[in-house]
Amino acid sequence: MPAISADNWLTLPRVSHPIARNDRHVLSVTTAVNGIEGEGFLVRRAFAGIHHRHLDPFIMMDHIGEVEYAPGEPKGTPWHPHRGFETVTYVIDGEIEHQDSTGGGGSIKDGDTQWMTAGSGLLHIETPPERLVMSGGLFHGIQLWVNLPSADKMIAPRYQDIRGNRVQLLTSPDGGALLRVIAGELDGHQGPGVTHTPITLIHATLRPGAQVTMPWPEDFNALAYVLAGRGSASAEQRPVHAGQAALFSRGGALTIKANTAQDAHTPDFDVLLLGGKPLREPIALYGPFVMNTQEELVQAIEDYKKGRLGTIPATATQPPTTETTRS
């Protein structure tokens with residue numbers, strides 16, 4: 001995985017081992033299910049089988065890849081709307097270009113994160129660069145949906161393009177784990193992502209046999225989704241492997257460990273760690289809209305149909321989709 005790393009992990013700031021442990025236990029381990037998104041690319045629904053009350057403030061997460069595309073195979077999404085939440089696209093391998101109805105755009109690759117606050121609404125499109133469509137290549141990443149508090153549902157849209165070299169790099173006391181803090185805080189170290197809802201988002205890489213126990217806010221939930229490799233979650237060492245999500249109980253510390261033996265093509269144990277302070281607000285969800293009431297949902301659909309969520313820039317050639325695409 002070419003996501004941002006460091007030549008010598010031992011030179012990085014170290015996460016302290018929590019003194020008052022109060023370790024979190026694993027409540028459940030679920031396995032992602034396959035789905036199709038956009039113009040036909042395969043994703044894994046990372047949180048399938050986990051009730052929303054345990055996910056709040058997260059809505060869903062799709063795991064894309066790790067996949068080696070042949071020439072002509074890479075696909076993206078058509079133009080589609082969003083309102084009422086944030087999309088977080090983290091590209092571990094490969095590259096994505098994006099464009100929106102406000103005139104924004106750019107590309108993210110190899111450790112970059114695009115944090116899009118949809119707010120009151122916009123149209124956007126995500127596609128692989130034309131050169132990668134022609135050549136094919138490796139792609140691996142995730143898209144996470146983060147709910148917005150009711151007071152922020154209709155704020156103005158904005159982007160945060162978080163380059164991989166801006167993430168906060170930390171290590172475990174023995175140097176066996178690399179922790180990339182994309183958003184939120186870990187043991188006093190702040191990630192670059194600015195959030196409306198208090199959350200923490202970390203990409204952890206553990207070498208074979210390595211273990212890390214880190215402090216975790218008592219009022220946050222906690223989930224671990226395995227991107228690659230095999231290992232365990234919690235001090236009880238509940239087994240987890242690629243494509244599985246572990247849901248943790250309440251507590252002040254969180255433990256993950258890599259198996260000593262890993263698969264040949266995945267030498268390390270890669271895990272996405274997520275936690276957030278639950279909003280505990282009602283949710284009305286349909287396709288690309290996440291609101292609080294059915295009335296707000298109906299209004300979002302009507303606004304989209306009447307073009308109030310923006311128009312496609314004149315430079316764009318692809319017409320908008322009439323489907324409520326999730327991506």
Side-chain angles (χ1 to χ4, degrees), residues 1-6 12-13 15 46-47 55-64 82 84-96 98 100 102 104-119 122 124 126 140-149 151-153 155-171 178-205 214-217 219-225 227 254 270-279 290 327:
M1 290 189 178
I4 297 300
S5 186
L12 299 173
V15 174
F47 297 153
L55 294 176
D56 184 16
F58 307 112
I59 302 296
M60 53 78 72
M61 189 171 78
D62 282 342
H63 180 197
I64 311 150
H82 285 306
F85 66 105
E86 300 181 293
T87 65
V88 181
T89 306
Y90 174 47
V91 176
I92 300 167
D93 294 285
E95 184 174 358
I96 288 179
H98 63 96
D100 69 56
T102 69
S107 66
I108 52 173
K109 61 182 179 180
D110 295 348
D112 296 338
T113 301
Q114 173 197 284
W115 202 293
M116 186 187 81
T117 303
L122 47 65
H124 85 146
E126 298 160 303
H140 193 194
I142 62 100
Q143 185 172 94
L144 172 71
W145 287 16
V146 184
N147 201 5
L148 284 171
D152 294 333
K153 289 285 188 187
I155 61 176
R158 73 165 183 176
Y159 278 105
Q160 298 176 68
D161 281 330
I162 304 170
R163 298 299 158 182
N165 58 9
R166 289 183 53 214
V167 303
Q168 176 68 62
L169 299 181
L170 308 172
T171 192
L178 174 65
L179 306 169
R180 305 170 185 85
V181 185
I182 299 169
E185 179 265 346
L186 178 61
D187 196 28
H189 301 277
Q190 192 73 34
V194 178
T195 69
H196 291 272
T197 305
I199 69 169
T200 295
L201 176 60
I202 298 167
H203 175 188
T205 300
M214 65 198 80
W216 205 259
D219 58 348
F220 277 27
N221 56 14
L223 299 113
Y225 177 77
L227 297 165
L254 186 153
D270 275 88
V271 182
L272 206 65
L273 301 172
L274 308 96
K277 189 173 183 179
L279 295 174
V290 182
S327 297

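FYI, side chains are in, hydrogens and waters are out, and symmetry mates aren't considered; it's all heavy atoms of this structure.
D270 contributes no side-chain N or O that, together with a main-chain N or O of H203, makes up a donor-acceptor pair within less than 3.5 Å. Side-chain atoms of Q190 come within 3.5 Å of backbone atoms of G184 as a donor-acceptor pair (strictly under, hydrogens ignored). Judged purely by atom type and a 3.5 angstrom limit, W115 has no side-chain atom pairing as donor or acceptor with the backbone of R158. With hydrogens and angles disregarded, no donor-acceptor distance shorter than 3.5 Å links the side chain of K277 to the backbone of P57.
Below 30°, between 30° and 60°, or above 60°: for H140 and H63 the angle between ring planes is between 30° and 60°, a tilted geometry.
With contacts defined as side-chain heavy-atom distances shorter than 4.5 Å, the pair D187/L170 does not qualify. Contact of the L272 side chain with the M61 side chain is registered, since non-hydrogen atoms from C-beta on lie closer than 4.5 Å. Annotation: side chain of T200 is not in contact with side chain of L273 (no heavy-atom distance under 4.5 Å). Counting only heavy atoms from C-beta outward, the side chains of D112 and Q114 never approach each other to under 4.5 Å. Counting heavy atoms from C-beta on, the side chains of T89 and H98 never come closer than 4.5 Å. A 4.5 Å side-chain heavy-atom check between V271 and I202 finds every atom pair outside the cut-off. For the pair L274 and I199, the minimum side-chain heavy-atom distance is 4.5 Å or more. In this structure, the side chains of L144 and Y90 stay at 4.5 Å or more apart for every pair of heavy atoms.
Annotation for V146 and V88: closest pair CG2-CG2, 4.1 Å, computed over non-hydrogen atoms. Closest heavy-atom contact between Q160 and P192: OE1-O, 4.1 Å. Residue V181 comes nearest to H189 through the heavy atom pair CG1-O, 4.4 Å, listed as atom of the first residue, atom of the second, then distance. Residues K153 and L148 come closest through the heavy atom pair CE-O, 3.3 Å. A222 and L254 make their closest contact through CB-CD1, 3.7 Å (heavy atoms, listed as atom of the first residue, atom of the second, distance). Minimum heavy-atom separation, G94 to D110: N-OD1, 3.1 Å.
Distance check: Y225 OH to I142 CD1 gives 10.0 Å after rounding to the nearest 0.5 Å. Annotation: the span from D161 atom CG to S107 atom OG amounts to 8.5 Å, rounded to 0.5 Å. Interatomic distance, CG of D56 versus CG of L279, reported as 5.0 Å (0.5 Å rounding). Within the model, atoms CG of L201 and OG1 of T195 stand 10.0 Å from one another, a figure rounded to the nearest 0.5 Å. In this structure, CZ in F85 is found 14.5 Å from CG in D152, a value given to the nearest 0.5 Å.
Ring centroid separation for the pair H124 and H82 comes in under the 6.0 Å cut-off.
No hydrogens or angles considered: a donor-acceptor pair under 3.5 Å links the side chains of T205 and R180.
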Quiz item: Does the pair L12 and L179 meet the rule for a side-chain contact (heavy atoms from CB on, under 4.5 Å), with working shown?
Solution: CA-CA 10 Å; L12 299 173; L179 306 169; over 6 Å; no
Quiz item: After noting the C-alpha distance and the side-chain angles of T197 and E86, does the key distance pass the side-chain contact (heavy atoms from CB on, under 4.5 Å) rule?
Solution: CA-CA 10 Å; T197 305; E86 300 181 293; 5.6 Å; no
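Other residues, nucleotides and ligands contribute at most 12 non-hydrogen atoms within 6.0 Å of the NZ atom of K109.
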